[in-house]
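Here the structure is a predicted model, which is why all the values come from computation and not from measurement. Side chains included, hydrogens not; waters and symmetry mates left out as well; all remaining heavy atoms used.
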Amino acid sequence: MKRTLAAALVALPCLALAEPEPADWDVVLDEARGQTVYWNAWGGATNTNDFIAWVSKRVAEEYGVTVEHVKLADAADAVSRVLAEKTAGQDSGGAIDLIWINGENFAAMKENGLLFGPFAEDLPNWQYVDVEGKPVTVDFTVPTEGFESPWATAQVVFMYDSADMDPLPSMQAILDWAKANPGRFTYPQPPDFLGATFLKQALYGVVEDPEVLLAPADRADYAAVTAPLWDYVEALTPHLWRQGRAYPQSGPRQLQLIADDEIDLAISFSPGEASAAIANFQLPDTVRTFVPEGGTIGNASFVAIPYNASAKAGAMVVANFLLSPEAQARALDPDILGYGTVLDMEKLPTKERARFEGIELGIATLSPDDLGPALPEPHPTWMEMIERDWIDRYGVAE
């Protein structure tokens, strides 16, 4: 999540589809039984790890598939492993069967033929996916084309302690508030994914023409487009927690800073995170969320299967289960995760829809109307270049 392997990857030829055939689901199920799926996924939050453990238990019970969660700090580490195997000529029997991936790393793997597929749109539960209303077929402007399967949606919100402050209507208002309340705001240290997301959200707040962000950065005057961003960050930095001389290393670390009353304001990529954290006694019950006017960046979380995975059938079974109403409703529950669903409620059978109707989203979760429009993720090259520039200008260690 923190960085991309695009610079390290060299152009590789496209690879032919490997067995099993995704559309022949009975064969997939037969082949999957008894397989062990090594799922490389971010391991930085207890509730996420607990959800993956529950998924592992359910697919073992239902399909005879064993899931081993390989906990990552950075999805790029998994990409590096697949690349190393490719370079060594290991085109089968790979160590990684499934990756929680999106954005830069997906773009790099897709471009260089490191992914199995297409498979996602042949999964039985794809029939329930909201392909019109959710960002499930494009990942950071890159068409997924069935090479990764969505399992959650997310949109930027800001968590704030309502006992100490009110919602803020814009990125400029956040800057003004930070100046008036020094030390009470921070964001994770880039190249952490959430920290880089804050920079992209700030860029949306100051850029003259947002459409330029949807094309590769090298097709625009990068310096001119990002100059207002660096002016913004330069003005903000001295007023951050610890005067911008140190940063939290992750999103969960921000929650601890709010709980310890060191800060009042933090960024999140999960509209339900604050409610989930309150339910788990990680945040005070005075925390709420807001979005700036004009919308915030939204995207989906995906899983992908490396081209040389050892357990492709088992990996597809896990991806399909993640799209099931059972798994999606559990992920939506703020007592569990508070992640957005990728499903279209109108496509669900009545019995399955009932799973969702009884879920209380939580006291800190905005309604869909209040959440507002989701802004598209900029092309991955913007994130790569902005991360690099931030590190050159402000890179520090806590």
Side-chain angles (χ1 to χ4, degrees), residues 1-22 28 31-32 35-43 67-123 136-151 191 193 216 299-320 322 377 379-381 383-384 387:
M1 293 179 187
K2 291 193 286 187
R3 59 183 174 84
T4 180
L5 267 288
L9 289 167
V10 294
L12 299 170
C14 292
L15 296 155
L17 272 176
E19 294 294 340
E21 173 56 50
V28 171
E31 185 171 335
Q35 288 187 339
T36 296
V37 173
Y38 289 90
W39 182 5
N40 284 232
W42 182 61
V67 176
E68 295 288 346
H69 179 192
V70 180
K71 297 176 183 177
L72 301 176
D74 183 348
D77 294 339
V79 183
S80 292
R81 180 65 180 268
V82 178
L83 175 61
E85 291 175 346
K86 172 64 180 177
T87 303
Q90 187 176 348
D91 294 332
S92 62
I96 298 171
D97 299 302
L98 193 67
I99 307 176
W100 177 1
I101 193 172
N102 66 347
E104 304 158 282
N105 293 306
F106 168 71
M109 291 191 77
K110 181 171 183 274
E111 179 181 353
N112 290 280
L114 298 179
L115 295 171
F116 167 74
F119 73 93
E121 295 180 21
D122 287 318
L123 299 176
V136 295
T137 58
V138 175
D139 189 354
F140 283 54
T141 77
V142 177
T144 60
E145 298 181 316
F147 284 92
E148 59 178 355
S149 178
W151 70 279
F193 179 79
N299 68 21
S301 288
F302 295 87
V303 289
I305 303 171
Y307 83 101
N308 64 344
S310 298
K312 295 184 178 75
M316 284 191 284
V317 166
V318 176
N320 187 61
L322 288 168
E377 282 278 7
H379 189 274
T381 51
M383 188 168 177
E384 295 166 22
E387 285 177 352

(request) First locate atom CG of D77, then atom CG of L72, and finally report the distance between them rounded to the nearest 0.5 Å. (result) 6.0 Å
(message) So does Y307 get a backbone contact from the side chain of K312, meaning a donor-acceptor N/O pair under 3.5 Å?
(response) yes
(message) Is the shortest side-chain heavy-atom distance between V82 and I96 below 4.5 Å?
(response) yes
(request) Looking only at non-hydrogen atoms, find the nearest pair between D74 and A76 and report the distance. (result) OD1-N, 2.8 Å
(request) Can you see which heavy atom on S149 is nearest to which on L123, and at what distance? (result) OG-CD1, 3.6 Å
(request) Find the distance between CD (E68) and CG (D97) and round it off to the nearest 0.5 Å. (result) 10.5 Å
(message) Quick one, H69 and W39 - any side-chain contact, counting heavy atoms below 4.5 Å?
(response) no
(request) Nearest 0.5 Å please: distance from the CG atom of L322 over to the CZ atom of F302. (result) 13.0 Å
(request) Report the residues that fulfil side-chain contact (heavy atoms from CB on, under 4.5 Å) with E31, sequence neighbours left out, ordered by chain and then residue number. (result) P20, Q35, A313
(request) Tell me, yes or no, whether the heavy-atom count around Y38 atom OH, taken from other residues, nucleotides or ligands under 6.0 Å, exceeds 12. (result) no
(request) Decide yes or no for K86 and D91: does some side-chain heavy atom of the first lie under 4.5 Å from some side-chain heavy atom of the second? (result) yes
(request) Under the side-chain contact (heavy atoms from CB on, under 4.5 Å) rule, what do M109 and V79 come out as? Steps first, then yes or no, please. (result) CA-CA 7 Å; M109 291 191 77; V79 183; 3.7 Å; yes
(message) According to side-chain hydrogen bond (donor to acceptor under 3.5 Å, both in side chains), who are the partners of D139, at least two apart in sequence or on a separate chain?
(response) none
(request) Taking all non-hydrogen atoms of both residues into account, name the closest pair between V303 and L98 and its distance. (result) CB-CD1, 3.8 Å
(message) Does any part of the side chain of V28, heavy atoms only, come nearer than 4.5 Å to the side chain of V317, both counted from C-beta?
(response) yes
(request) Report the residues that fulfil side-chain hydrogen bond (donor to acceptor under 3.5 Å, both in side chains) with Q90, sequence neighbours left out, ordered by chain and then residue number. (result) none
(request) Provide the closest heavy-atom pair for A311 versus T36 in the form atom of the first, atom of the second, distance. (result) CB-O, 3.5 Å
(message) Please enumerate all residues that pass side-chain contact (heavy atoms from CB on, under 4.5 Å) together with V142, with sequence neighbours excluded.
(response) F106, A107, K110, P380
(request) Not counting sequence neighbours, which residues clear side-chain contact (heavy atoms from CB on, under 4.5 Å) with S301? List them please. (result) W100, W151, A152
(message) Going by side-chain contact (heavy atoms from CB on, under 4.5 Å), name the residues that satisfy it together with S92, two or more places apart in sequence or in a different chain.
(response) none
(message) Taking side-chain hydrogen bond (donor to acceptor under 3.5 Å, both in side chains) as the definition, give me every residue that meets it alongside N308, ordered by chain and number, with sequence neighbours left out.
(response) E85
(request) Identify the two heavy atoms, one from P143 and one from T141, that lie closest to each other, and give their separation to 0.1 Å. (result) CD-O, 3.5 Å
(request) Kindly write out the residues that satisfy side-chain hydrogen bond (donor to acceptor under 3.5 Å, both in side chains) with T381, not counting sequence neighbours, or none if the list is empty. (result) H379
(message) Measuring from atom CG of L114 to atom CG of N105, what distance do you get when rounded to the nearest 0.5 angstrom?
(response) 11.0 Å
(message) A side-chain contact here means heavy atoms from C-beta on lying under 4.5 Å apart; do N299 and N102 qualify?
(response) yes
(message) Rounded at 0.5 Å granularity, tell me how far CD in E121 sits from CZ in F147.
(response) 11.0 Å
